[in-house]
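Notes for the one structure printed next.
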Amino acid sequence: ETGVTQTPRHLVMGMTNKKSLKCEQHLGHNAMYWYKQSAKKPLELMFVYNFKEQTENNSVPSRFSPECPNSSHLFLHLHTLQPEDSALYLCASSLIGLAGGTQETQYFGPGTRLLVL
Amino acid sequence: QKEVEQNSGPLSVPEGAIASLNCTYSDRGSQSFFWYRQYSGKSPELIMFIYSNGDKEDGRFTAQLNKASQYVSLLIRDSQPSDSATYLCAVTVTSGTYKYIFGTGTRLKVLA
């Protein structure tokens with residue numbers, strides 16, 4: 001499945017580093033999402049962008065900063081992370097009807113496995 | 001009460017048996033229901049979605065929805081070892097802004 005791509009696939013960073021995760025969708029979708037998945041924990045929704053506007057921020061620490069320049073690209077900027085931020089970061093996209101009432105399947109990218117030392 | 005609840009498992013079934021995965025949700029305004037499969041170390045992928053009460057069949061998979069009981073299930077017939085994965089239930093709700101909520105997932109082990 002190449003509809004949603006994520007880079008890098010693996011990332012190791014120190015607590016003082018700054019890095020960015022990139023997500024790109026080729027499905028013509030208008031909504032994009034960042035999820036965090038820690039070991040043995042459920043998917044945690046972090047951010048939602050609908051038509052490039054951020055519509056949801058689930059109390060995510062400011063050391064995570066999203067950016068959505070257009071409906072096909074989504075970034076997650078990381079700085080001064082903590083070891084507990086080590087996880088699989090998943091990007092997803094979906095198509096939301098203009099009336100806001102149609103939610104279709106979310107398609108996930110392969111994820112970025114992040115290790116913070 | 002969690003918004004979407006699943007038994008974390010593991011649910012172990014012998015090869016060829018029917019695996020039954022269950023999910024309950026708390027919001028009666030929930031509209032769409034999805035089952036995803038996630039292999040270890042991989043990202044979730046859609047198995048089925050269902051919007052209306054009743055059964056929906058796709059190959060070896062059947063999704064069952066009962067909105068009155070706020071219950072959705074996934075049946076896997078003729079289970080194969082390759083079905084061993086974590087199965088995530090997801091529910092969407094539109095109230096103001098929409099929400100897409102995942103359950104914690106049920107780990108299924110199909111024993112050869």
Side-chain angles (χ1 to χ4, degrees), chain A residues 1-6 9-10 21 23 25 27 29-51 53-58 87-115, chain B residues 1-10 21 23-27 29-52 56 58 61 63 65 72 74 85-107:
Chain A
E1 173 63 61
T2 58
V4 182
T5 57
Q6 288 186 245
R9 295 292 305 275
H10 301 272
L21 309 184
C23 176
Q25 61 95 1
L27 301 170
H29 290 165
N30 53 21
M32 297 186 78
Y33 313 78
W34 279 117
Y35 288 90
K36 176 184 178 182
Q37 189 173 41
S38 304
K40 299 184 179 180
K41 287 187 177 180
L43 281 170
E44 299 174 51
L45 180 64
M46 300 174 72
F47 301 105
V48 180
Y49 277 84
N50 184 350
F51 294 102
E53 299 296 322
Q54 188 180 122
T55 58
E56 204 156 331
N57 174 342
N58 278 357
L88 179 67
Y89 288 84
L90 291 162
C91 173
S93 70
S94 72
L95 184 65
I96 296 177
L98 290 176
T102 302
Q103 300 103 31
E104 295 192 47
T105 304
Q106 293 200 2
Y107 292 86
F108 286 84
T112 295
R113 187 158 297 281
L114 173 66
L115 177 62
Chain B
Q1 181 187 4
K2 293 180 182 176
E3 293 183 273
V4 178
E5 289 202 61
Q6 295 180 257
N7 187 320
S8 61
L21 305 161
C23 174
T24 58
Y25 58 94
S26 60
D27 194 323
S30 299
Q31 298 162 304
S32 308
F33 307 85
F34 302 81
W35 282 101
Y36 289 82
R37 176 177 63 199
Q38 185 175 24
Y39 292 111
S40 181
K42 302 293 186 181
S43 56
E45 56 180 342
L46 180 74
I47 297 294
M48 293 189 69
F49 61 86
I50 185 168
Y51 301 134
S52 304
K56 179 181 178 183
D58 183 1
F61 299 95
L65 175 61
V72 58
L74 179 70
T86 296
Y87 289 80
L88 302 168
C89 171
V91 173
T92 62
V93 179
T94 301
S95 54
T97 57
Y98 74 92
K99 291 193 294 184
Y100 200 108
I101 306 165
F102 281 89
T104 55
T106 297
R107 191 156 64 93

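Just so it is clear, the values below take in all heavy atoms, side chains as well, and ignore hydrogens, waters and symmetry mates. By convention in this document, chain letters (A, B, ...) are assigned in the order of the sequence lines, proteins followed by strands, and residues within each chain are numbered from 1.
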Check your understanding: Tell me, do B/F34 and A/T105 make a side-chain contact under 4.5 Å, heavy atoms counted?
Key -> yes
Check your understanding: Do the non-hydrogen side-chain atoms of A/V4 and B/S43 ever get within less than 4.5 Å of each other?
Key -> no
Check your understanding: Which class fits the ring pair A/F108 and B/F102: parallel under 30°, tilted 30 to 60°, perpendicular over 60°?
Key -> perpendicular
**Study point:** Proximal component of B/L88, with respect to chain A [non-hydrogen, under 4.5 Å]
**Key:** side chain
**Study point:** Under 4.5 Å from any heavy atom of chain A - which part of B/Q38
**Key:** side chain
**Study point:** Shortest non-hydrogen separation from A/Q106 to B/Y36 and the atoms involved
**Key:** N-OH, 2.9 Å
